[in-house]
Structures are given as structure tokens and as C-alpha cells.
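The shown structure was predicted, so the numbers you read here are calculated from the model rather than taken from an experiment.
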Amino acid sequence: MTADALHPSVWGAASKHWQVGHFSAAVQRAATMLNAEVQDRVGRHDVSDAGLMQQTFSLDSPQAGRPRLRWGGDDSDLTVKAMCQGILNMSQGVFSAIRNPATHSTDDMARQEALEQLATLSILARWIDRCELVTA
């Protein structure tokens with residue numbers, strides 16, 4: 001797998017840092033961009049990171065001013081249910097365990113670890129692209 005085959009938003013945000021060997025910065029920038037894209041998509045700039053993901057992918061019904069992103073399909077389908085739960089869990093984990101350490105640490109990470117983290121951000125971004133906006 002090559003880094004430039006990642007989701008365009010992830011690679012677009014990370015590439016300049018990646019090319020000069022600043023791998024933690026590449027991961028942090030890609031996560032920050034993904035956060036901003038979700039904020040824009042749901043029209044929420046009052047919450048970010050894991051909290052944004054928890055609210056955006058919550059399995060609860062949307063509320064006024066708090067839309068949801070949902071995996072498309074029949075809500076009774078087991079795969080749809082699994083994807084909704086999985087995206088909720090993974091998105092929170094990504095922002096807690098990938099974005100936060102990349103943002104708050106002064107240490108750079110190894111190239112391979114950074115590539116794996118960017119790949120995780122990439123699949124999450126692809127799933128988010130496939131989600132539908134559900135409003136109250």
C-alpha cells in the first residue's frame with residue numbers, strides 16, 4: 001500500500017508533512033482535517049474530536065441542531081446495525097488514540113506506525129463519505 005492511495009482528504013492533509021518525514025504531524029493534520037470535514041457536514045462547530053464523533057454517530061435519534069450520520073440501508077438489517085455501531089466506536093477511538101497522541105506528543109512516530117494510522121483515518125473517511133445525513 002502506498003500513502004498516496006489513501007482517501008484524498010487524508011492524504012491531501014498529510015502529504016506535505018509526510019514528504020519531509022514529519023510523520024506525527026502528518027497524522028495530526030489528517031485527523032484535524034477529518035474532524036473539520038465532519039463538523040462541516042453536520043453543521044456542528046460547537047464540539048470536536050471524540051465528542052463530535054460520539055454525537056454525530058450516536059445511535060439515538062437526531063435532535064434539532066444535532067443531526068446524525070448513518071450508514072445507509074434498512075435499520076433492521078444486521079450489517080447496517082453493525083456498521084453504525086462500528087463507525088461510532090471506531091471514530092471515537094481514532095480521535096482518542098490516534099489524533100490526541102499525535103497532537104499532544106513532541107515525539108515523532110515511526111514511518112510504518114504513521115502509515116497504519118493514516119490508513120485507519122482513511123477507511124474511517126471512506127465510511128463517513130458513504131453515510132447519510134439524518135436530521136430531526
Side-chain angles (χ1 to χ4, degrees):
M1 181 178 85
T2 60
D4 62 356
L6 296 169
H7 185 279
S9 294
V10 170
W11 183 242
S15 64
K16 288 180 184 172
H17 295 289
W18 186 267
Q19 292 166 356
V20 295
H22 296 196
F23 303 123
S24 290
V27 170
Q28 187 276 332
R29 186 70 189 128
T32 298
M33 181 60 68
L34 184 57
N35 178 82
E37 288 182 1
V38 171
Q39 284 179 318
D40 289 344
R41 183 138 176 230
V42 297
R44 300 275 318 266
H45 295 92
D46 59 322
V47 63
S48 64
D49 300 325
L52 173 67
M53 300 304 149
Q54 189 282 321
Q55 292 180 33
T56 298
F57 296 103
S58 171
L59 303 178
D60 296 336
S61 297
Q63 302 170 7
R66 292 182 179 207
R68 306 283 188 240
L69 290 176
R70 291 275 164 63
W71 191 258
D74 182 352
D75 289 340
S76 66
D77 181 270
L78 293 179
T79 299
V80 171
K81 287 181 180 183
M83 287 302 298
C84 288
Q85 184 67 58
I87 293 170
L88 169 63
N89 294 341
M90 185 172 168
S91 64
Q92 290 177 288
V94 161
F95 281 87
S96 294
I98 291 178
R99 184 250 179 229
N100 285 346
T103 298
H104 301 297
S105 176
T106 58
D107 298 329
D108 206 5
M109 68 179 73
R111 182 180 189 276
Q112 182 62 36
E113 183 179 359
L115 180 60
E116 292 167 6
Q117 290 188 12
L118 287 174
T120 302
L121 288 163
S122 180
I123 192 62
L124 180 59
R126 290 186 195 284
W127 289 341
I128 289 170
D129 283 351
R130 292 179 58 187
C131 286
E132 300 170 355
L133 183 65
V134 181
T135 57

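Residue S91 comes nearest to M53 through the heavy atom pair OG-CB, 3.2 Å, listed as atom of the first residue, atom of the second, then distance. The shortest non-hydrogen separation linking L52 to V47 is N-CG2, 3.6 Å. Between V27 and M109, the shortest heavy-atom distance links the atoms CG2-SD, 4.1 Å. The two atoms that bring M33 and A13 nearest to each other are CB-CB, 3.7 Å, heavy atoms only. For the pair A64 and A136, the tightest heavy-atom approach, listed with the atom from each and the gap, is N-CB, 3.6 Å. Listed here is the closest heavy atom pair of C84 and L59: CB-CD2, 3.8 Å.
Checked by atom type and distance alone, the side chain of S105 never pairs as donor or acceptor with a backbone atom of A102 at under 3.5 Å. Side-chain N or O atoms of S122 include one that pairs as donor or acceptor with a backbone N or O of H7 at under 3.5 Å. Using modelled atom types, one side-chain atom of S24 and one backbone atom of D107 make a donor-acceptor pair closer than 3.5 Å. No donor-acceptor pair closer than 3.5 Å links the side chain of R111 to the backbone N or O of F23. Distance alone, capped at 3.5 Å, is enough to place a donor-acceptor pair between the R70 side chain and the S58 backbone.
With contacts defined as side-chain heavy-atom distances shorter than 4.5 Å, the pair I128/T56 does not qualify. Taking 4.5 Å as the limit, every side-chain heavy atom of N100 sits out of range of all side-chain heavy atoms of F95. Here the side chains of S9 and L34 are not in contact, with every heavy-atom distance at 4.5 Å or above. Residues Q112 and E116 have side chains in contact (heavy-atom distance under 4.5 Å, counting atoms from C-beta outward). Residues E132 and R68 form no side-chain contact, since every pair of their non-hydrogen atoms from C-beta on lies 4.5 Å or further apart. No side-chain heavy atom of V134 sits less than 4.5 Å from a side-chain heavy atom of L69. Side-chain contact between P62 and T135 is absent, with no heavy atoms from C-beta onward closer than 4.5 Å. Two residues are said to be in side-chain contact when any heavy atoms from C-beta on lie closer than 4.5 Å; Q39 and D46 fail this criterion.
Within 6.0 Å of atom CZ in R130, 12 or fewer heavy atoms from other residues, nucleotides or ligands are found, so the atom counts as exposed in its surroundings.
Here the NZ atom belonging to K81 is positioned 9.0 Å from the CG atom belonging to D74, to the nearest 0.5 angstrom. Note: N89 CG to Q54 CD = 10.5 Å, rounded to the nearest 0.5 Å.
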Quick one, H104 with R99, criterion side-chain contact (heavy atoms from CB on, under 4.5 Å). Give me CA distance, side-chain angles, the key distance, then yes/no. CA-CA 9 Å; H104 301 297; R99 184 250 179 229; 3.9 Å; yes
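Side-chain polar atoms of Q28 and T32 form a donor-acceptor pair below 3.5 angstrom.
Each of T120, I123, N35 was evaluated against V94; a single residue qualifies, T120, per the side chain to side chain contact (heavy atoms under 4.5 Å, CB included) test.
The salt bridge (charged side-chain N to carboxylate O under 4.0 Å, His left out) search around R66 returns none, not counting sequence neighbours. Here H22 pairs with H17, V20, A25 under the side-chain contact (heavy atoms from CB on, under 4.5 Å) rule; sequence neighbours left out.
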